[in-house]
Enquirer: 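Have a look at the structure that comes next, please.
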Amino acid sequence: MIQLNYRDAKPIYEQIKDGLRRLVITGAIAKDEKLPSVRELASELAINPNTIQRAYRELESEGYIYTVSGKGSFAAEQADVAGRRNETLLREFDEIVRELLYLSEDKDALIRRIEEIAGGGDER
């Protein structure tokens, strides 16, 4: 389900968050499908439950999952996720593009890069 790399500089909770996000986006975890409980996933990955709880909390704030009190956490409908997440990613994208332009990156090179990615090209 989720692979952890203990040598990665990325914190474990972010690796869990990225793995679960990817599973939700690809449909490997279907809409309204129950996620493993915090304890189950912590036991399976042999890590502290607080780490899982942090990942779940952040995924919920991003709209990828929702929690039903006493029942557990579930995958959110992709349409619900898309709006909020797109808004967040576009804000981050704008900041990054502004910084790249400030650092004298060529505007046309950035446009070509976006077109390559949109066309299915390599993501460098």
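FYI, the numbering just counts along the sequence from 1.
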Enquirer: Is there a side-chain contact between Leu4 and Tyr6 (heavy atoms, below 4.5 Å)?
Expert: yes
Enquirer: Minimum heavy-atom separation for Ala55 and Ile16, please, with both atom names.
Expert: CB-CG2, 3.8 Å
Enquirer: Are side-chain heavy atoms of Val24 and Arg21 found at a separation under 4.5 Å?
Expert: no
Enquirer: Calculate, to the nearest 0.5 Å, the distance between atoms CD and CD1 belonging to Glu44 and Ile2 respectively.
Expert: 7.5 Å
Enquirer: Please say whether more than 12 non-hydrogen atoms of neighbouring residues, nucleotides or ligands are located less than 6.0 Å from CD in Gln3.
Expert: no
Enquirer: Working to the nearest 0.5 angstrom, can you tell me the gap between Thr67 OG1 and Glu60 CD?
Expert: 3.5 Å
Enquirer: Check step by step if salt bridge (charged side-chain N to carboxylate O under 4.0 Å, His left out) holds for Glu87 and Arg91.
Expert: CA-CA 6 Å; Glu87 195 175 302; Arg91 270 196 308 272; 3.3 Å; yes
Enquirer: If you compare all heavy atoms of Ala30 against all heavy atoms of Ala75, which two are closest, and at what distance to 0.1 Å?
Expert: O-CB, 3.3 Å
Enquirer: Evaluate the side chain to side chain contact (heavy atoms under 4.5 Å, CB included) criterion for residues Tyr56 and Leu41: first the C-alpha distance (whole Å), next the side-chain angles of each, then the deciding distance (0.1 Å), finally the verdict.
Expert: CA-CA 11 Å; Tyr56 276 20; Leu41 193 53; 3.7 Å; yes
Enquirer: Taking the side chain as every heavy atom from C-beta outward, state whether Leu45 and Ile52 have any pair of such atoms under 4.5 Å apart.
Expert: yes
Enquirer: If you measure from OG on Ser37 to CD on Gln53, what distance do you get to the nearest 0.5 Å?
Expert: 10.5 Å
Enquirer: Does Glu116 come within less than 4.0 Å of Arg112, counting only side-chain N to carboxylate O?
Expert: no
Enquirer: Testing the basics here: between Val38 and Pro49, what is the closest heavy-atom pair and its distance to 0.1 Å?
Expert: CG1-O, 3.3 Å
Enquirer: Between Ala109 and Glu105, which heavy-atom pair has the shortest distance, and what is it?
Expert: CB-OE2, 3.9 Å
Enquirer: Identify the heavy atoms of Gly63 and Ala76 that sit nearest to each other, and give their distance.
Expert: O-CB, 3.2 Å
Enquirer: For Gln15, enumerate each residue passing the side chain to side chain donor-acceptor pair (under 3.5 Å) test, keeping only those at least two apart in sequence or located in another chain.
Expert: none
Enquirer: Could you check if a side-chain atom of Phe74 sits within less than 4.5 angstrom of a side-chain atom of Ile29, using non-hydrogen atoms only?
Expert: no
Enquirer: List the residues meeting side chain to side chain contact (heavy atoms under 4.5 Å, CB included) with Asp32, not counting sequence neighbours, and say none if there are none.
Expert: Tyr66
Enquirer: Side chains of Asp106 and Leu110, heavy atoms from C-beta outward: is any pair under 4.5 Å?
Expert: no
Enquirer: Say whether Ile96 and Phe93 are linked into one hydrophobic cluster, either directly or through other cluster members, by side-chain heavy-atom distances under 4.5 angstrom.
Expert: yes
Enquirer: For Arg54, give me all partners under side chain to side chain donor-acceptor pair (under 3.5 Å), at least two apart in sequence or on another chain.
Expert: Tyr13
Enquirer: Mind checking whether Leu35 and Leu59 have side chains closer than 4.5 Å, heavy atoms only?
Expert: no
Enquirer: Please tell me if the side chains of Glu62 and Lys17 come closer than 4.5 Å, counting only heavy atoms from C-beta onward.
Expert: yes
Enquirer: To the closest 0.5 Å, what do you measure between OH (Tyr102) and CG (Leu100)?
Expert: 13.0 Å
Enquirer: Is the backbone N or O of Arg22 less than 3.5 Å from a side-chain atom of Thr26, with the two atoms forming a donor-acceptor pair by type?
Expert: yes
Enquirer: Hey, does Lys10 have a side-chain heavy atom less than 4.5 Å from the side chain of Asp18?
Expert: yes
